[in-house]
2 protein chains.
Amino acid sequence: MQYSVGVEYALHCLVYLIDVPSNDSIGIKNLAEFQGLPETFLSKVFGKLSKAGIVSSVPGVKGGYRLSKSPEDISFWDVIEAIEGPNPIFQCKNIKENGYLYRKNCCQAPSFCTINLVMLSAEEKMRDDLRSKSLSWLNEELDSVLSKQIREDTRKYFSKSNT
Amino acid sequence: MQYSVGVEYALHCLVYLIDVPSNDSIGIKNLAEFQGLPETFLSKVFGKLSKAGIVSSVPGVKGGYRLSKSPEDISFWDVIEAIEGPNPIFQCKNIKENGYLYRKNCCQAPSFCTINLVMLSAEEKMRDDLRSKSLSWLNEELDSVLSKQIREDTRKYFSKSNT
DNA sequence: TTAATCGGCGATTAACTTAGTCTTCGATTG
DNA sequence: CAATCGAAGACTAAGTTAATCGCCGATTAA
């Protein structure tokens, strides 16, 4: 039970897109190479991000991706939902309906499940936290954690390799 | 990305163990039959619950399982952890260490990952909620939600089939 | 004491999911 | 028009999950 690597790939990549001017873009190839990720797979991840309206694509030579909204309006949860889909972590199989009581008297079994409700509300607590952290927040966080040199090198890498 | 059905099976079964007197027990066969679950699989689920100290097993004929602590001291999270193991939902692959900067200068890359920390803290919010809901809480909740008839029938089923 | 009933455990299987690849396509640039 | 990009679907290999099977040791009732 865990999130797919796509989420991790996406979040790491999106940070690099923050500083890209809105008339420019970064190609999948660059992003993949810089981070040592499989290019074709990353391409699929960005397809999902694109469908979710988080990034927009620029086709053709010199094409690539850029953020399609302000980094303040992109939360961790937006990214996870884009990659993982809308399904909750806990999916009730409604096992009550296979049970003895249900077989004995069909209409007595309740159609909703208390256990499921508990799970959904717990997940909601997690999502709330994830919704409160935006891409721009992450960017500032990284500024205070990473050395100036690393951040400089990163920006240099993407600016020179896409002009 | 979702919890295994084992968690659902376990929670549903544990409710039925609450009213079992401490010198008695309920067999896997009964629990499985009552809920229409595969017996052999449920047996493995209870193996994990047993290892986690949530239930204790009574071997031999007329054997079965009973709670090994008070239902107030068994939380939803205890059950999930017993079945799913200790691993967090988001597992960082540390993709930074495959990247260009790391290859360029090994010692500059940070060994911890901000994204991972955010994920872990969000999960912790969910776990806190899950830790606050105990088996006895669930039992009371079910009392107020389910009809008296259903609860009565359930108790009757397990008391008569194990004597 | 012996047969039947229970949990414990490991090997196995079938279905499904995931990470990743390959290939074809259409759009863009030079 | 050719090279380079993203889009998309088919495909594959590996891993996971749900479930089964068989064998064991413990226990109990006849």
Side-chain angles (χ1 to χ4, degrees), chain A residues 1-10 13 17 20 23-33 35-66 68 83-85 87 89-91 93 95 98 161-163, chain B residues 1-10 13 17 20 23-33 35-52 54-66 68 80 83-85 87 89-91 93 95 98 161-163:
Chain A
M1 205 275 302
Q2 60 176 88
Y3 278 138
S4 68
V5 291
V7 173
E8 188 171 351
Y9 291 176
C13 290
L17 294 184
V20 176
N23 59 338
D24 204 359
S25 65
I26 302 184
I28 289 288
K29 199 177 178 182
N30 282 330
L31 286 166
E33 201 170 74
Q35 299 178 95
L37 304 179
E39 189 184 329
T40 49
F41 186 72
L42 193 60
S43 165
K44 304 213 133 185
V45 170
F46 268 80
K48 292 180 181 178
L49 292 176
S50 182
K51 265 187 184 163
I54 293 173
V55 299
S56 45
S57 66
V58 180
V61 180
K62 294 276 168 192
Y65 288 96
R66 70 170 74 103
S68 63
I83 307 294
E84 298 280 326
N87 290 342
I89 298 176
F90 185 87
Q91 263 137 302
K93 297 280 191 312
I95 65 175
N98 305 324
S161 56
N162 207 34
T163 45
Chain B
M1 205 277 303
Q2 60 176 85
Y3 278 138
S4 69
V5 291
V7 174
E8 189 171 351
Y9 291 177
C13 290
L17 294 184
V20 175
N23 58 339
D24 203 359
S25 65
I26 302 183
I28 289 288
K29 199 176 178 183
N30 283 330
L31 287 167
E33 200 170 76
Q35 299 176 96
L37 304 179
E39 190 184 328
T40 49
F41 186 71
L42 193 58
S43 166
K44 305 217 134 186
V45 169
F46 268 80
K48 292 180 181 177
L49 292 176
S50 182
K51 264 187 184 163
I54 293 173
V55 298
S56 44
S57 66
V58 180
V61 179
K62 293 276 168 193
Y65 287 97
R66 69 170 75 102
S68 63
I80 294 175
I83 307 295
E84 298 279 328
N87 290 341
I89 298 176
F90 186 86
Q91 262 135 303
K93 297 280 191 311
I95 65 175
N98 305 325
S161 56
N162 208 33
T163 44

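The figures that follow rest on heavy atoms only: side chains count, while hydrogens, waters and symmetry mates do not. Throughout, protein chains are lettered first and strands after them, A, B, ... in sequence-line order, and every chain is numbered starting at 1.
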Task: Results of side chain to side chain donor-acceptor pair (under 3.5 Å) for B:Ser68 - residues two or more places apart only - done: none

Open item on the list: Rounding to an integer number of Å, can you tell me how far A:Phe46 CZ sits from C:dG20 P?
Closed with: 15 Å

TODO: Applying side chain to side chain donor-acceptor pair (under 3.5 Å), name anything that partners A:Gln91, two or more places apart in sequence or on another chain.
DONE: none

Task: Nucleotide C:dG20, atom P - distance to CG of A:Leu37 in whole Å - done: 9 Å

- [ ] Indicate for each nucleotide in nucleotides 25-30 of chain D, in 5' to 3' sequence, whether protein heavy atoms under 4.0 Å reach the base (B), only the sugar-phosphate (S), or nothing (-).
- [x] -BBS--

Task: Interatomic distance where CD belongs to A:Glu33 and P belongs to D:dT4 [whole Å] - done: 14 Å

Open item on the list: For a side chain to side chain contact (heavy atoms under 4.5 Å, CB included) check, start with the C-alpha distance between B:Tyr65 and B:Leu49, then their side-chain angles and the critical distance, and finish with the verdict.
Closed with: CA-CA 10 Å; B:Tyr65 287 97; B:Leu49 292 176; over 6 Å; no

Task: Any residue meeting side chain to side chain contact (heavy atoms under 4.5 Å, CB included) with A:Ser4, in chain and number order, not counting sequence neighbours - done: A:Val7, A:Ile83, A:Glu84

- [ ] Find the partner of C:dT29: check Watson-Crick (N1-N3 plus N6-O4 or O6-N4) and G-U wobble (N1-O2, O6-N3) distances, both under 3.5 Å, and reply none if neither fits.
- [x] D:dA2

TODO: Between protein and nucleotides 8-23 of chain D, map the contacts as a letter string: B base, S sugar-phosphate only, - none, heavy atoms under 4.0 Å, written 5' to 3'.
DONE: -BB------SBBB---

- [ ] Starting from P on C:dG8, measure out to NZ on B:Lys48 and report it in whole angstrom.
- [x] 14 Å

Task: B:Arg66 side chain vs B:Asp24 backbone, donor-acceptor pair below 3.5 Å - done: yes

TODO: Under the side chain to side chain donor-acceptor pair (under 3.5 Å) rule, collect the residues that match up with B:Gln2, sequence neighbours excluded.
DONE: none

Open item on the list: I'd like to check the side chain to side chain donor-acceptor pair (under 3.5 Å) partners of B:Glu33; sequence neighbours left out, ordered by chain and number.
Closed with: B:Tyr157

Open item on the list: Can you measure A:Asp24 atom CG to D:dC5 atom P for me and round it to whole angstrom units?
Closed with: 13 Å

- [ ] Rounded off to whole Å, could you give me the CD-to-C1' distance for the B:Gln91 and C:dA19 pair?
- [x] 15 Å

Task: For B:Pro38, all residues meeting side chain to side chain contact (heavy atoms under 4.5 Å, CB included), sequence neighbours excluded - done: B:Tyr9, B:Phe41

